[in-house]
Number of protein chains: 2
Amino acid sequence: MTEGQTSAQHSCAIGNNLISCMEILTPDESTLLESKMVVVNYRKGEIICKQGAPATQIMFVREGLVKIYMESNSGENLVLHIMPEMNIIGLSALFEGNNVYQFSAQAYINTRVQVVDIQTFRQLIRTNPEFSLKIIALLAEYNTIISGRFFCLTQKQTYGRLADVLLCLANRIYKQRKFPLSLSRKELAEIAGMSVESVARILTRFKEENLIEMECKHLNIVDYDRLFDISLKG
Amino acid sequence: MTEGQTSAQHSCAIGNNLISCMEILTPDESTLLESKMVVVNYRKGEIICKQGAPATQIMFVREGLVKIYMESNSGENLVLHIMPEMNIIGLSALFEGNNVYQFSAQAYINTRVQVVDIQTFRQLIRTNPEFSLKIIALLAEYNTIISGRFFCLTQKQTYGRLADVLLCLANRIYKQRKFPLSLSRKELAEIAGMSVESVARILTRFKEENLIEMECKHLNIVDYDRLFDISLKG
DNA sequence: AAGAATCCTTGATGCGGATCAAGTTTTTTT
DNA sequence: AAAAAAACTTGATCCGCATCAAGGATTCTT
């Protein structure tokens, strides 16, 4: 009997459930979609869509890793969501009277995206109830993910947040305890919502405490349980 | 030509667009829904739904004001959203494999809610594409609202956040610059994500600076422009 | 109306973490 | 391979805000 309220929250912001909405389409709809869709390849670091720009397209992430974020006037970005393949960018532009993207998206690594115009997308929702149920489920999940991240960044403090990010990388992206640390300190800092210096300090501390090891750009989680504990306590 | 990135974010978390999805239903669907729906009245302070409890129902807020929040083990709550009438509680329970409420809901004031079971709700989505488009729009809006609040609470500091909340009360709830301050300092503190003492201190400061006046439990925004400026700068 | 309880205000203190600064290592450029 | 640039580390300082504390004002109780 666990309460499991805090434990469910991950600052990492990657969903568990890969939702496949394409498989649901009828052959006719698939054909329509194929004819309308365009594949675009983005290189690491390139901007996929820009907050405030006219929202005319919905984008399916087919391969890669995408950062969804809000830009502020001060230059600090707030990372809302990190999306691997099987996710959709631009759904927030579907709300009534809203014709601009609410968030920006950028490729963390080389990323392949399928683009379709919003009208075609709306059409699919209208003609295929199962498809629209999937989209609703996806949006509901995004809501939960962003809220969980919101919780982490406001309630936990630096050690917990960074532990969280490391665990998330291990669990959800690389699916093993030893993985290549391709993100820079700056990127880690942005995700965990702290300064670059804090990231460096905390990582050093984690090494001293034998929670993690780092050798040739690979990070190895040695004491998973204690790291998990830190991520819970905040 | 304004950038308007920061300015769009309100910690207040109340949507502008009241989305009416009930008007879209066919007579048959309305009849079905009426027969399944139950009206429940909550008094000020009562819990409408509890995070972690089995999610079996979707709730339409018809009258009142509802706080949507996440509970933490430490006892601190995170307010995600403040909903007046014409909003829906429990949509996040629609995502796949998820059978518990992700958030708690509590009535700020006496509130009337219409309750329907999730199956019936899913049925409506399946049979009426326009209804499901409305739900998608609503979810997309919730996403934007929560993200905006996320941004405020992590990027702005106390003065800006409290100014934000006051402006939001004036603009979105009471729709006038002088309004009854029915929320306690504690409730204001929870919404603005700060301590009760900070709220008191900042309100005193706002009074000293002639930004606001307070007489017999009414708050009057005297210098709207400067308060708005503070809410932007953070 | 007296007492209790809650709410509100104001000052003093302390802590987390950002920022600043300066040196070291790694990567990129040419 | 040398030079330049970027990334990383570590220490020192500072600031925002929570927390603690204590007195004053309101509201609730009986």
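Each chain gets a letter, A, B and so on, in the order its sequence line appears, and its residues count up from 1. Not measured: the values here are computed from a predicted model.
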Requested in this report: Spell out yes or no: do the side chain of A:R161 and the base of C:dG17 have one donor N/O and one acceptor N/O closer than 3.5 Å?
Outcome: no

Query raised in the report: So B:F150 and A:F150, would you call those rings parallel, tilted or perpendicular, with 30° and 60° as cut-offs?
Result: parallel

Query raised in the report: For D:dT27, does either OP1 or OP2 sit under 4.0 Å from a side-chain N or O belonging to B:K217?
Result: yes

Query raised in the report: Looking for any heavy atom pair under 4.0 Å, which part of the strands does A:T158 touch: base, sugar-phosphate only, or nothing?
Result: sugar-phosphate

Query raised in the report: Of B:R185 and A:E76, whose nearest nucleotide on DNA chain C comes first from the 5' end?
Result: B:R185

Query raised in the report: Considering only side-chain heavy atoms of B:T204, which listed nucleotide, C:dT9, C:dT10, D:dA18, is closest?
Result: C:dT10

Report task. Confirm from the modelled atom types if A:R201 and C:dG17 form a donor-acceptor pair under 3.5 Å, side chain to base only. Result -> no

Requested in this report: Round to the nearest Å and state the distance from A:Q157 atom CD to D:dT19 atom C1'.
Outcome: 14 Å

**Report entry** Min side-chain heavy-atom separation A:L138-A:N87 under 4.5 Å
**Finding:** yes

Report task. Grab the CE-C1' distance between A:M194 and C:dA18 for me, whole Å please. Result -> 12 Å

Requested in this report: Using atom CD of B:E187 as one end and atom P of C:dT6 as the other, report the distance to the nearest whole Å.
Outcome: 16 Å

Report task. Look at the side chain of A:R205 and the base of D:dT9, then say whether one donor and one acceptor between them are separated by less than 3.5 Å. Result -> no

Report task. Evaluate whether atom CD of A:E209 has more than 12 neighbouring non-hydrogen atoms of other residues, nucleotides or ligands under 6.0 angstrom away. Result -> yes

Query raised in the report: Do B:E197 and C:dC8 have a side chain to base donor-acceptor pair shorter than 3.5 Å?
Result: no

Query - For atom NZ of B:K186 and atom P of D:dT19, their distance in whole Å - result: 13 Å

Query raised in the report: Please give, in whole Å, the distance from C:dA18 P to B:Q155 CD?
Result: 12 Å

Requested in this report: Measure from the ring center of B:H81 to the ring center of B:Y142 and say whether it is less than 6.0 Å.
Outcome: yes

Report task. Starting from C1' on C:dT9, measure out to CE on B:M214 and report it in whole angstrom. Result -> 12 Å

Query raised in the report: Quick one: do the B:N171 and B:Y224 side chains pair a donor with an acceptor below 3.5 Å?
Result: yes

Query - Closest listed nucleotide, where the reference is the side chain of A:A200 and the choices are D:dA18, C:dG16, D:dT9 - result: D:dT9

Requested in this report: Using whole Å, report how far CD of A:E215 lies from P of C:dT25.
Outcome: 19 Å

Query raised in the report: Rounded to whole angstroms, how far apart are CD1 on B:I202 and P on D:dA18?
Result: 8 Å

